[in-house]
Protein chains: 2
Amino acid sequence: MTDIIEAYLKKVLHQQEQVEIRRSEIAQLFDCVPSQINYVINTRFTIQKGYLVESKRGGGGYIRIIKVQVLDEMDMLNSMIDIIGDSINETDARSVVHKLYEDEIISKREAKLMLVAMDKSLYTGERLIDNRLRSNLLRTMLANLKYEEPNKRKADNS
Amino acid sequence: MTDIIEAYLKKVLHQQEQVEIRRSEIAQLFDCVPSQINYVINTRFTIQKGYLVESKRGGGGYIRIIKVQVLDEMDMLNSMIDIIGDSINETDARSVVHKLYEDEIISKREAKLMLVAMDKSLYTGERLIDNRLRSNLLRTMLANLKYEEPNKRKADNS
DNA sequence: TATTAATAGTCAAAAATAGTCAAACAACTA
DNA sequence: TAGTTGTTTGACTATTTTTGACTATTAATA
C-alpha cells in the first residue's frame, strides 16, 4: 500500500515540482486510513530524499509535497550536524558558524544572523538546557541550508 | 472561503493602496456570515503583514484596509522592531519575516534561517517566556541587518 | 434628547481538516 | 522459532476555519 501511494505521488511529482493533496481524499482513493498517508510521507518524502512537506489543518486543509534540489554542500553540512551533536556551547557554536563562512557556505549576513542566535544572553541561563536549545537551533539551521526550493512562479500567492 | 476573500481583497490592494468595504456586502457577495470577514481580516491583514485596518459601525459604516507604506529599508526594520515589541508569538514572528522577504530586505535563505529560529518547538514550552525570548532574538537579528560592517582590515579585532 | 435602525465586533462552539503514537500485524533474518 | 524491522490501523490530539448568538457603536428619526 505504502509503495502504491508513494508511486502515485512520485508520478505526479515527475511532471510537476509539487503536489497538493487533501489527506482524506487520497486515503479514500486508496481505501486506507488517513494516517497511512502520514506514514508514506514520513518514510518516503523526507528531506534526505529531496522533498519538503508543508501542510495546513482545518477547513481547506492540505498537504503539499515539494521537490527540492539538494545542494553540493550537503555532505559538509551533514557532517557538521553530526559533530554538533545534541548539545553545544556558545564558543563552539561560533566556531561552526565561522567555519561555514570561511568555507563560503554562508554569507556574512547569514553568519551574523546565526551568531545572534547562538548568543548566550538570549537563552534561559541554565547551561545544560541552553546548550541543548542552541544545538537544536543550529542543527536545524544547517539542515535548512542543504537544499533549495524550485523557482518561484510569477503568480505566486501566499 | 477565507483564502478566496483574502485573494479578492489583495487583488484590489494590488491596484490601490487601500480598500473600503461594507462588511455585509462582502459577506453576501461570497455567501458567508459577516463575521467571516472579521476572521479574514484578523488573520490575513495584520500589522505584522503590513496592513492597517480602520472601521466604523452604524449607518454608513465601513471597514478600510490600508497597505502601509514605508520609505526605505532602515524604516522598515525600525518599524518592524517596534511592532515586535518585547514579546511575539510564532505566527506573528513568521509574518514579520515573510514580510521582510516580500519586500526584498532579506533573501530567501536568510528568511529560512530566521524562520527556523522562530519555531515554537525550539523553546522552553512556557508561552510567556518563549514569546519574550523570541522577540529578543528576532529584534536582535533585525537590528543586525540595519548596518553593514566596514570592510575588514588586517588588524581586525572582534 | 430618547429611541430605533444600521452597522461592525467578539467570542465560543461546531465542523473540517491534519498529526501523533502505540498496538497489532506482517515479512524477513539469524 | 525468536527477534527485528517495516506497515497498517485507529483512538486521541492539535489546528484552522466556519457559524451564529450576543454585544457595541454610530447615525437617523421621533
Side-chain angles (χ1 to χ4, degrees), chain A residues 1-10 18-49 51-66 140 157-158, chain B residues 1-10 18-49 51-66 88-95 98 115 118-123 125-127 130-131:
Chain A
M1 183 85 282
T2 295
D3 293 342
I4 294 167
I5 298 170
E6 176 190 13
Y8 168 80
L9 292 171
K10 288 210 164 143
Q18 66 173 58
V19 226
E20 194 171 298
I21 60 171
R22 173 147 305 176
R23 189 178 73 154
S24 55
E25 270 175 16
I26 298 297
Q28 209 162 19
L29 179 60
F30 291 99
D31 193 33
C32 63
V33 297
S35 59
Q36 174 93 53
I37 310 304
N38 295 87
Y39 181 72
V40 174
I41 285 172
N42 291 331
T43 56
R44 309 296 151 88
F45 294 91
T46 62
I47 187 60
Q48 298 300 332
K49 296 183 173 156
Y51 298 94
L52 208 60
V53 178
E54 295 171 354
S55 66
K56 198 169 68 162
R57 307 185 190 189
Y62 59 79
I63 299 177
R64 184 155 50 216
I65 306 176
I66 304 160
T140 313
N157 54 343
S158 84
Chain B
M1 183 85 279
T2 295
D3 292 343
I4 294 166
I5 299 170
E6 175 190 11
Y8 168 80
L9 293 172
K10 287 208 166 146
Q18 66 173 58
V19 226
E20 194 172 299
I21 60 171
R22 172 147 306 176
R23 189 178 73 154
S24 54
E25 271 175 15
I26 298 296
Q28 208 162 19
L29 177 60
F30 291 100
D31 193 32
C32 63
V33 297
S35 59
Q36 174 95 54
I37 309 304
N38 295 85
Y39 180 72
V40 173
I41 286 172
N42 291 330
T43 56
R44 311 293 208 256
F45 294 92
T46 62
I47 184 65
Q48 291 86 3
K49 292 187 158 102
Y51 298 95
L52 276 178
V53 178
E54 295 170 353
S55 66
K56 201 169 64 161
R57 307 184 190 189
Y62 58 81
I63 299 177
R64 184 157 49 218
I65 306 175
I66 304 157
I88 190 169
N89 64 32
E90 182 175 353
T91 305
D92 289 344
R94 295 183 72 88
S95 298
H98 206 275
L115 287 176
M118 298 298 102
D119 197 299
K120 186 185 355 237
S121 68
L122 226 65
Y123 294 82
E126 298 287 325
R127 195 168 51 80
D130 289 356
N131 289 352

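Throughout, protein chains are lettered first and strands after them, A, B, ... in sequence-line order, and every chain is numbered starting at 1. On a predicted model such as this, the values are computed, not experimentally measured, just so you know.
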To the nearest Å, how far apart are [X] [atom1] and [N] [atom2]?
X: B:I37; N: D:dG20; atom1: CD1; atom2: P; value: 14 Å
X: A:D3; N: D:dT7; atom1: CG; atom2: C1'; value: 10 Å
X: B:Q36; N: C:dA15; atom1: CD; atom2: C1'; value: 13 Å
X: B:N38; N: D:dT19; atom1: CG; atom2: P; value: 14 Å
X: A:D31; N: D:dT9; atom1: CG; atom2: C1'; value: 13 Å
X: A:Y62; N: C:dA16; atom1: OH; atom2: C1'; value: 15 Å
X: A:E25; N: C:dA18; atom1: CD; atom2: P; value: 8 Å
X: B:F30; N: D:dT19; atom1: CZ; atom2: P; value: 14 Å

Requested in this report: State whether a side-chain donor-acceptor pair under 3.5 Å links B:N89 with B:R127.
Outcome: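 There is no such pair (donor and acceptor under 3.5 Å, judged by atom type) between the side chains of B:N89 and B:R127.
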Can a side chain N or O of [X] be found less than 4.0 Å away from OP1 or OP2 on [N]?
X: B:Y39; N: D:dT17; value: yes
X: A:T2; N: D:dT8; value: yes
X: A:R57; N: D:dT17; value: no
X: B:K56; N: D:dA27; value: yes
X: B:S55; N: C:dG9; value: yes
X: A:T43; N: D:dG6; value: no

Identify whether any heavy atom of [X] sits under 4.0 Å from a base atom; if not, whether one sits that close to sugar-phosphate; answer base, sugar-phosphate or nothing.
X: B:G58; value: base
X: B:I63; value: sugar-phosphate
X: A:R64; value: nothing

**Report entry** Which residue lies more 5' along DNA chain D, comparing A:V33 with B:C32 via nearest heavy atoms
**Finding:**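 Closest to the 5' end, via its nearest nucleotide, is A:V33.
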Requested in this report: State, yes or no, whether a side-chain contact exists between B:E20 and B:Y62 at a heavy-atom distance under 4.5 Å.
Outcome: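 Yes, at least one pair of side-chain atoms sits under 4.5 Å.
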Query - Student check: side-chain heavy atoms of B:I65 and B:L52 closer than 4.5 Å - result: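 Answer no - side chains too far apart.
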**Report entry** DNA chain C: 5'-proximal contact among A:R23 and B:G59 (nearest heavy atom)
**Finding:** B:G59
**Report entry** cation_pi(B:K10, B:Y51) dist<6.0 Å, angle<=45
**Finding:**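 No, B:K10 does not lie over the aromatic ring of B:Y51.
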Query raised in the report: Do side-chain atoms of B:T46 reach the backbone of B:K49 as a donor and acceptor pair under 3.5 angstrom?
Result: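 Pair found, side chain donor or acceptor close to backbone of B:K49.
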Report task. Check whether the side chain of A:S35 and the base of D:dG10 form a donor-acceptor pair under 3.5 Å. Result -> yes
